[in-house]
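Here's the structure we're looking at; comments come further down.
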Amino acid sequence: MLRPVVSRVSESDDSVDYYYVDVDQTPELAERFGIFSIPTLILFKAGAEVNRSVGFIPEDQVRAFAHQ
């Protein structure tokens with residue numbers, strides 16, 4: 001449900017790189033990053049996690065989240 005929202009945001013925002021991970025296909029990543037609920041957004045800057053959001057958020061909040 002969140003993926004279409006993030007897709008729309010990523011199409012209009014080339015200042016941030018957006019990636020999707022299917023944690024069912026790569027459970028080692030879910031474990032590595034402590035993902036226990038889906039959807040989870042993780043914001044990285046310079047390789048370090050700076051923020052995390054769990055659960056659905058609307059498009060305007062995704063944009064704000066990506067630019068913290």
Side-chain angles (χ1 to χ4, degrees):
M1 190 165 185
L2 184 59
R3 187 173 183 145
V5 173
V6 174
S7 290
R8 281 193 303 276
V9 171
S10 69
E11 289 172 3
S12 64
D13 182 4
D14 59 357
S15 66
V16 175
D17 293 325
Y18 295 85
Y19 298 93
Y20 298 99
V21 175
D22 183 336
V23 295
D24 291 327
Q25 298 294 317
T26 54
E28 64 279 2
L29 283 178
E31 183 177 335
R32 177 179 171 189
F33 291 106
I35 298 171
F36 301 107
S37 298
I38 303 299
T40 296
L41 296 176
I42 303 175
L43 179 64
F44 292 92
K45 289 187 181 179
E49 182 177 334
V50 295
N51 202 356
R52 178 180 293 240
S53 174
V54 178
F56 179 82
I57 57 175
E59 189 170 327
D60 61 330
Q61 289 180 17
V62 171
R63 289 181 194 284
F65 178 86
H67 291 281
Q68 295 179 7

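More than 12 heavy atoms of other residues, nucleotides or ligands lie within 6.0 Å of CG in Asp22, so this atom counts as buried by the packing criterion.
Applying the salt bridge (Lys or Arg N to Asp or Glu O under 4.0 Å) test to pairs two or more places apart or on separate chains, those with a residue in residues 47-58 are Glu49-Arg52.
Taking the side chain as every heavy atom from C-beta outward, Ser15 and His67 approach each other to under 4.5 Å. At least one side-chain heavy atom of Ser7 sits less than 4.5 Å from a side-chain heavy atom of Arg3. In this structure, Ile38 and Val23 have side chains that are in contact, with non-hydrogen atoms separated by less than 4.5 Å.
Cluster partners of Val5 are Met1, Leu2, Val6, Val9, Val16, Tyr18, Tyr20, Leu41, Leu43, Val50, Phe56, Ile57, Val62, Phe65, counting Ile, Leu, Val, Met, Phe, Trp and Tyr whose side-chain heavy atoms approach within less than 4.5 Å, directly or via other members.
A salt bridge links Glu59 with Arg63: the closest approach of a Lys/Arg side-chain nitrogen to an acidic carboxylate oxygen falls below 4.0 angstrom.
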query = Given Val21 and Ile35, is the side-chain contact (heavy atoms from CB on, under 4.5 Å) satisfied, shown in steps?
reply = CA-CA 11 Å; Val21 175; Ile35 298 171; over 6 Å; no
### Message
Could you walk me through whether Phe33 and Phe44 satisfy the ring pair (Phe, Tyr, Trp, His ring centres under 6.0 Å) test, starting with their C-alpha distance in whole Å, then the side-chain angles of each, then the deciding distance to 0.1 Å, before giving a yes or no?
### Response
CA-CA 12 Å; Phe33 291 106; Phe44 292 92; 5.6 Å; yes
